[in-house]
There are 2 protein chains.
Amino acid sequence: MNNDLPLTREAILDAAEQVLRRFGPDKTSVVDIAKVLRVSHGTVYRHFASKASLREAVTERWLHKSIAEPLEAIAGNVNGSAVERLKLWLEALIHAKQSFSLQDSEMFAMYAAVTLDTIEMIATHVDCLIEQIARIIRQGMDSAEFKPGQPEVLARSIFIATSRFHHPAHAREWLAETIDADFDAVWNLILLGIE
Amino acid sequence: MNNDLPLTREAILDAAEQVLRRFGPDKTSVVDIAKVLRVSHGTVYRHFASKASLREAVTERWLHKSIAEPLEAIAGNVNGSAVERLKLWLEALIHAKQSFSLQDSEMFAMYAAVTLDTIEMIATHVDCLIEQIARIIRQGMDSAEFKPGQPEVLARSIFIATSRFHHPAHAREWLAETIDADFDAVWNLILLGIE
DNA sequence: CAAATGACAAAATATCAATATTGTCCTTTG
DNA sequence: CAAAGGACAATATTGATATTTTGTCATTTG
């Protein structure tokens with residue numbers, strides 16, 4: 001029944017993302033996704049071992065293109081001070097998460113659900129983000145903008161210390177009026193520690 | 001049908017806590033609690049406006065006696081350095097939360113559920129804990145152990161920056177092997193900022 | 001023969017009537 | 001008359017059953 005040429009992994013992810021946005025993670029079945037592709041659901045299982053792995057793959061791709069990639073542009077930009085870049089980077093991460101939780105709520109719900117399973121893939125994504133922070137810090141240490149230290153350890157500390165502002169488990173708290181002031185205060189604490 | 005003398009608010013909370021520990025927050029009904037008290041459930045409603053407010057009251061009392069009160073002993077002890085006391089206090093908070101999540105799991109589940117409703121009561125409890133940190137910090141600033149600053153703001157930052165280790169939304173992550181190393185790293189970051 | 005299908009079993013989820021729970025309030029009791 | 005009881009309506013939960021969904025695989029198709 002499949003008209004279009006070879007069914008690719010990417011095409012399945014596209015369809016899955018589309019159905020997911022329409023119905024949400026709870027109401028999306030593999031059959032729904034196959035229907036969009038005009039393919040039997042058995043065919044989808046030729047590309048993904050399980051529904052869980054499909055959900056993971058969708059989330060992984062979304063995290064990469066919506067979070068990691070845009071942040072990479074900030075981390076990789078060597079102009080300006082490291083402090084400025086670090087703050088910009090953190091604010092971008094936080095803004096992305098908080099705005100997706102409101103404006104791309106089904107994909108965000110998918111991501112939050114996958115995060116609860118504490119899957120390898122999430123750890124890898126987090127490591128990737130921490131590595132971006134570490135790069136900024138390393139540069140700040142090289143230019144003596146920051147106190148000397150271990151960039152990786154410090155980067156991980158900063159990521160963890162700001163969890164409240166970017167971890168999906170805290171999404172409800174992002175609506176509080178004090179959220180911006182709280183981030184400023186935590187940022188100042190971090191700054192005292194690194195400069 | 002009530003034999004014992006006047007039914008007090010505290011007696012209801014005792015019974016509620018007992019039933020809650022036995023059946024867990026999901027399977028505990030007001031009728032179950034009334035049965036333990038040998039009273040009709042209507043009587044319970046003379047003391048609490050709703051089941052939700054009863055759950056809140058149970059959680060509030062538990063948080064106070066299991067968390068805030070023991071920590072008060074640390075915050076109030078004026079011997080030793082403020083740094084030591086602050087670290088001891090944070091470790092005690094974290095240890096209490098993490099150990100209750102395993103060993104008093106039904107009450108912890110109750111607390112986690114109430115926290116999701118982001119109720120006034122939780123905010124008050126948090127303010128109370130932050131005030132304890134602020135007292136330690138104020139003392140550290142007075143003795144020039146810490147850089148000068150606003151104790152309340154700093155205390156709030158430290159509480160938030162350590163959320164990962166004591167907020168119930170992160171309970172699953174407390175099982176990770178890196179959890180202690182992660183706290184040490186965050187503690188070092190905080191220390192750099194305050195000393 | 002690689003890719004897809006569709007029939008199938010097992011597991012999960014939806015449905016809906018029966019049952020239980022919540023919350024109110026008028027009555028009873030000490 | 002203050003405190004508790006218990007009948008009651010509205011809401012939520014349970015449990016038995018029908019339906020859907022997941023995941024497999026022997027067969028079909030291009």
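Keep in mind that the numbers below use all heavy atoms, side chains included, and drop hydrogens, waters and symmetry copies. The structure presented is a predicted model; accordingly, all values stated were derived computationally and were not measured. Numbers restart at 1 for each chain; the letters A, B, ... are given by sequence-line order, proteins then strands.
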> Does atom NZ (A/K147) have a neighbourhood of more than 12 heavy atoms from anything else shown, all under 6.0 Å?
yes

> Find the distance B/I12:CD1 to D/dA3:P and express it as a whole number of Å.
12 Å

> Go along nucleotides 22-30 of chain D 5' to 3' and tag each nucleotide: B for a protein heavy atom under 4.0 Å from its base, S when only backbone or sugar atoms are that close, - otherwise.
BBB------

> Between C/dA4 atom P and A/F48 atom CZ, what is the distance in whole Å?
13 Å

> Going by atom types alone, do B/D32 and B/T28 pair a side-chain donor with an acceptor below 3.5 Å?
no

> Is any NZ, NE, NH1 or NH2 atom of the basic residue among A/E152 and A/R156 found under 4.0 Å from an Asp or Glu carboxylate oxygen of the other?
no

> Salt bridge or not between B/E72 and B/R135? Use side-chain N to carboxylate O under 4.0 Å.
yes

> Do NZ/NE/NH1/NH2 and the carboxylate oxygens of A/R172 and B/D117 come within less than 4.0 Å?
no

> Which whole-number value in Å describes the distance from B/I33 CD1 to C/dA20 C1'?
15 Å

> Dump the pairs, protein N or O against N or O of nucleotides 14-18 of chain D, anything under 3.5 Å, distances to one decimal.
{"unit_1": "D/dT14", "atom_1": "OP1", "unit_2": "B/K27", "atom_2": "NZ", "d": "2.8"}

> Rounded to whole angstrom units, what separation is found between the CZ atom of A/F23 and the P atom of D/dT21?
10 Å

> Take the protein atom CZ of B/R55 and the nucleotide atom P of C/dT21, then report the distance between them rounded to whole Å.
15 Å

> Find the distance B/K35:NZ to C/dT22:P and express it as a whole number of Å.
11 Å

> Specify the separation, in whole Å, of atom CG of A/L7 and atom P of C/dA4.
6 Å

> Would a single hydrophobic cluster contain both B/L102 and B/L93, if residues Ile, Leu, Val, Met, Phe, Trp and Tyr are joined by side-chain heavy-atom contacts under 4.5 Å?
no

> Side chain of A/T162, backbone of A/F159: donor and acceptor closer than 3.5 Å?
yes

> May I have all residue pairs that pass side-chain hydrogen bond (donor to acceptor under 3.5 Å, both in side chains) and include part of residues 45-57 of chain A, sequence neighbours excluded?
none

